[in-house]
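First comes the structure, then the notes that go with it.
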Amino acid sequence: MRLVEQPHHDGSPQYISDGAPRLGDVVTVWVRVPAAAGVSAVHLRSTPDGEPNFVAAEVDPGRTGTAVGGYGATDVWWRAALTVRNPVTNYRFHLRTAAGDTYWLTAGGIVEHELPDDTDFRAVAYDAPPAWSADAVLYQIFPDRFARAADAKPLEALDLPGWALPREWDRDEVVGQGPGTAEQFFGGDLDGIAEHLDHIQALGANTVYLTPIFPARSNHRYDAATFDEVDPLLGGDAALARLAEAVHARGMRLIGDITSNHCGDAHEWFTSAASDVDSAEREMFYFDADTGDYEAWCGVKSLPKLNWASPLVRQRMTAVLRRWLVYFDGWRVDVANMTGRRGAQDDAHEVAALIRRALPAEAMLVGEHMHDATGDLDRDGWHGAMNYLGFTRPVWAWLRGEAPGLPNFFGTPGDVPSRDGAAVHATMRAFAARVSWRSLVHSWNILDSHDSARIRTVTGSAARQLVALGMQVTLPGTPMVYAGSEFGLTGWNGENARTPMPWNRAGDRDEQTLAAYRELLGLRAAEPALRHGGLRWLHVTSDTMVYLREFEQNALLVAASRAAGEEVSLALGARAAGVFAATDLEPDGTGRLTLPGDGPALRVWRLEPPR
């Protein structure tokens, strides 16, 4: 069965009557079935309390026979009632054809065999993420490299700490590895960020995400020396208050970054614990009773690991998280995948739930995961994760340049692999199939970050970076733009990519790339389907991927291609009005649309009924 002919369901509002149900609620779920699929009967299967239960679906006459989203007038819509019995209620669909063939439809797609429940759709009854986060576009700032306030003193006039190695903003290249990497200091501050909010807002971002701002002994500040104040090098508490006020005055939001897994070895909690075996803080860390040695993040001794089995860790960390929400609208949690985990101890899910309960309902809470976050989502914890596995890695592998020469692939030895469209599609679906729709759309779609190479370096060209950006904007998930990528900045690893912003370096600013970012992020803001719509894959080949985003009567057709290839013909029976880099398309006499085959390119059309 071709992709375009497959029955479809996802957890978006078009396919479930309530995406934030409570326990005991009965919701309606729909399946959209193309006539070509030949389906004659549909049953909904759920597993209340672990026991399979089947409910017969019926044809919905209100939707069947209508061109929902501008296409599909011959589609049949089936509906069924789902009882939300458990906090996470699994469900799937059993379909039969008139010829006697049977299929399962799960979040992983159509299969003709029995399969485990791990790819079932999920209705989640835990408290929903804040409503505003569904429309968020994040802009990540590494404070030391974004901007210095206009009235900031020269670095040589500052009383810099001993660890800091002053660097010249527009002259010195960022060291990517070796001695001094974490100590090079360019002097960005929070007032400098406030002075450039016009740029961020004009780009189309509405949520500013700051990497850590607490005092530390490094430029990245993930080795916090205290959580009680903002680093004076950034302007202190008063500067954060000014920035938060300026951000909120524009109707934007501000997200902080917290290290829940560790602190720095200069932190007062750790220095007390290390200097006195009888201190209350001793239990907050993992000390060896015989040697006095301690557990640290990945063996890096400047980052002692917090022991979340300690009531004092729980009390103090949740107090820190709550305290700073006077300025922040939520948190990105660093090393969320390791927090609460050590050997036989695994308190990770309990800790995530504890943190979430400590915060108000309107606060965003997203965990960092550099690999597979699916086992930590759909619990009463993180709203989503940084989606490196289900988005960043497959996009890099599909759009990598001929010879990017990167030292590793997110920790995997060797260069970034080259994958075809089928492998990329399979990776994306594998991740999406193992989390709820809610967790998927609240996870961050990332092309690059302060921990990675720049997307321009990975793709090797502006054209392929534009394709990557188009996928970031048009696929389900929350886009996160790393400051500077809109100018086409380069960098071969996370450290080297932390380039100071080129406010005064015209030669480092790709204005065409900046314009494309503004246009595509603006398209996301203008089209409800890109923020709230479902995802339906239509066509995948080695070099081309085509999909639909659907929300009520708004349906967008997206075609991403990494190279010139074959034209794509789709039987949609609709007119396609170009809204990004695309000319209008009229269906032929059989109702088919023919999409152009050149590339690299990203094109978007809005589907409309034929004239």
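Checking side-chain atoms of Arg379 against main-chain N and O of Gly375 turns up a donor-acceptor pair under 3.5 Å. Between the side chain of Ser439 and the main chain of Val435, no donor-acceptor pair closer than 3.5 Å is present. The main-chain N or O of Gly187 is found under 3.5 Å from a side-chain atom of Asp144 such that the two form a donor-acceptor pair. The backbone N or O of Ala453 lies less than 3.5 Å from no partner atom in the side chain of Thr457, so there is not a single donor-acceptor pair. Remark: side-chain polar atoms of Thr259 are paired, donor with acceptor, to backbone N or O of His262 under 3.5 angstrom.
Side-chain contact of Asp448 with Tyr482: a donor-acceptor pair under 3.5 Å is absent, judged by distance alone. Side-chain contact check for Thr374 and Asp372: at least one donor-acceptor pair (N or O, by modelled atom type) lies under 3.5 Å. With hydrogens and angles left out, the side-chain atoms of Gln512 and Tyr517 include no donor and acceptor closer than 3.5 Å. A side-chain N or O of Thr513 and one of Arg456 form a donor-acceptor pair less than 3.5 Å apart. When only modelled atom types and interatomic distance are considered, Asp378 and Ser436 share a side-chain donor-acceptor pair under 3.5 Å. Counted by atom type alone, Arg549 and Thr474 present zero donor-acceptor pairs between their side chains at under 3.5 Å. In this model, no donor atom of one side chain and acceptor atom of the other lie less than 3.5 Å apart for Gln201 and Tyr139. A donor-acceptor contact under 3.5 angstrom links the side chains of Asp135 and His532, judged on distance only. Defined by atom type and a distance below 3.5 Å, a donor-acceptor pair is present between the side-chain atoms of Ser218 and Asp223.
Looking only at side-chain heavy atoms (C-beta outward), Thr318 and Arg322 come within less than 4.5 Å of each other. In this structure, the side chains of Asn206 and Arg250 stay at 4.5 Å or more apart for every pair of heavy atoms. Glu173 is listed as a side-chain neighbour of Asn496, based on a closest heavy-atom distance under 4.5 Å. Residues Met364 and Asp329 are not in side-chain contact: their nearest non-hydrogen atoms beyond the backbone lie 4.5 Å or more apart. Val208 places none of its side-chain heavy atoms less than 4.5 Å from the side chain of Ile255. In this structure, the side chains of Thr392 and Leu447 stay at 4.5 Å or more apart for every pair of heavy atoms. No side-chain heavy atom of Arg357 sits less than 4.5 Å from a side-chain heavy atom of Ile355. Contact check for Arg498 versus Phe186: no side-chain heavy atoms found under the 4.5 Å cut-off.
No salt bridge links Arg524 with Glu527; every basic N to acidic carboxylate O contact stays at or beyond 4.0 Å. Salt-bridge check for Arg518 with Glu511: failed, with every basic side-chain N at 4.0 Å or more from each acidic carboxylate O. Between Arg316 and Asp228 there is no salt bridge, since no side-chain nitrogen of the basic residue lies less than 4.0 Å from a carboxylate oxygen of the acidic one. Under 4.0 Å is where a charged nitrogen must lie from a carboxylate oxygen, and between Lys153 and Asp159 no such pair does. By the 4.0 Å N-to-carboxylate-O rule, Asp231 lies close enough to Arg221 to be salt-bridged with it. Electrostatic pairing of Glu195 and Arg242 does not count as a salt bridge here, judged by no charged N lying under 4.0 Å from a carboxylate O. Note on Arg217 versus Asp265: salt bridge recorded, some NZ/NE/NH1/NH2 to OD/OE distance being below 4.0 Å.
The number of heavy-atom neighbours closer than 6.0 Å to CD of Glu245, taken from other residues, nucleotides and ligands shown, is 12 or below. Counting heavy-atom neighbours within 6.0 Å of Glu268 CD, excluding the residue itself, gives a total above 12.
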side-chain hydrogen bond (donor to acceptor under 3.5 Å, both in side chains) between Ser310 and Glu283, intermediate numbers included = CA-CA 6 Å; Ser310 161; Glu283 71 171 38; 2.7 Å; yes

Let me see the working for His369 and Asn387 under side-chain hydrogen bond (donor to acceptor under 3.5 Å, both in side chains), right down to the final yes or no.
-> CA-CA 7 Å; His369 275 262; Asn387 193 4; over 6 Å; no

Tell me, with the steps shown, if Val335 and Asn337 meet side-chain contact (heavy atoms from CB on, under 4.5 Å).
-> CA-CA 5 Å; Val335 201; Asn337 54 306; 4.0 Å; yes

For Phe270 and Phe287, what are the C-alpha separation, side-chain angles and deciding distance, and is it a ring pair (Phe, Tyr, Trp, His ring centres under 6.0 Å)?
-> CA-CA 11 Å; Phe270 183 75; Phe287 283 95; 5.8 Å; yes

Going through the distances and angles, do Glu183 and Arg167 end up as a salt bridge (Lys or Arg N to Asp or Glu O under 4.0 Å)?
-> CA-CA 10 Å; Glu183 292 75 32; Arg167 307 283 285 172; over 6 Å; no

Worked check of side-chain contact (heavy atoms from CB on, under 4.5 Å) between Val333 and Glu368 = CA-CA 6 Å; Val333 179; Glu368 181 201 23; over 6 Å; no

Could you give me the CA-CA distance, side-chain angles and deciding distance for Asp189 and Leu233, then say whether side-chain contact (heavy atoms from CB on, under 4.5 Å) is met?
-> CA-CA 7 Å; Asp189 54 39; Leu233 294 173; over 6 Å; no

Could you please spell out the steps behind the side-chain hydrogen bond (donor to acceptor under 3.5 Å, both in side chains) verdict for Ser279 and Asp276?
-> CA-CA 5 Å; Ser279 69; Asp276 182 1; 5.1 Å; no

Checking side-chain contact (heavy atoms from CB on, under 4.5 Å) for the pair Ser260/Trp308: CA distance, chi angles, key distance, verdict?
-> CA-CA 9 Å; Ser260 61; Trp308 277 87; 4.2 Å; yes

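Closest approach of Gly367 to Ala336, counting heavy atoms only: CA-CB, 3.6 Å. Closest non-hydrogen pair, Asn219 versus Gln184, comes out as ND2-O, 2.8 Å. Closest heavy-atom contact between Val473 and Leu530: O-CB, 4.3 Å. Taking each heavy atom of Leu190 and Gly236 in turn, the nearest pair found is CD1-O, 4.5 Å. Here the closest non-hydrogen pair linking Gly384 and Ser443 is CA-OG, 3.5 Å. Of all heavy-atom pairs spanning Asp191 and Ala149, the tightest one is CB-CB, 3.7 Å.
Under the 6.0 Å cut-off for aromatic ring centres, His199 and Trp503 qualify, their centroids lying closer than that. Centroid-to-centroid, the aromatic rings of Phe391 and Phe431 stay 6.0 Å apart or farther.
The aromatic rings of Trp396 and Phe410 sit tilted relative to each other, their planes meeting at an angle between 30° and 60°.
Sorted by first and then second residue, the pairs that involve residues 209-249 and meet ring pair (Phe, Tyr, Trp, His ring centres under 6.0 Å), not counting sequence neighbours, are Tyr209-Trp444, Phe214-Phe227, Phe214-Trp324, His220-Tyr222, Tyr222-His450, Phe227-His267, Phe227-Trp269.
For the pair Lys305 and Phe285, the NZ or CZ position fails the cation-pi test of under 6.0 Å to the six-membered ring centre and within 45 degrees of the ring normal. Figure legend: cation-pi geometry between Arg393 and Tyr388 absent, as NZ or CZ is not positioned both under 6.0 Å from the six-membered ring centre and within 45° of its axis.
Distance check: Asn504 CG to Met501 CE gives 11.5 Å after rounding to the nearest 0.5 Å. To the nearest 0.5 Å, atom CG of residue Leu365 and atom NE2 of residue His383 are 6.0 Å apart. Note that CG of Asp237 is 8.0 Å distant from CD1 of Ile213, once rounded to the nearest 0.5 Å.
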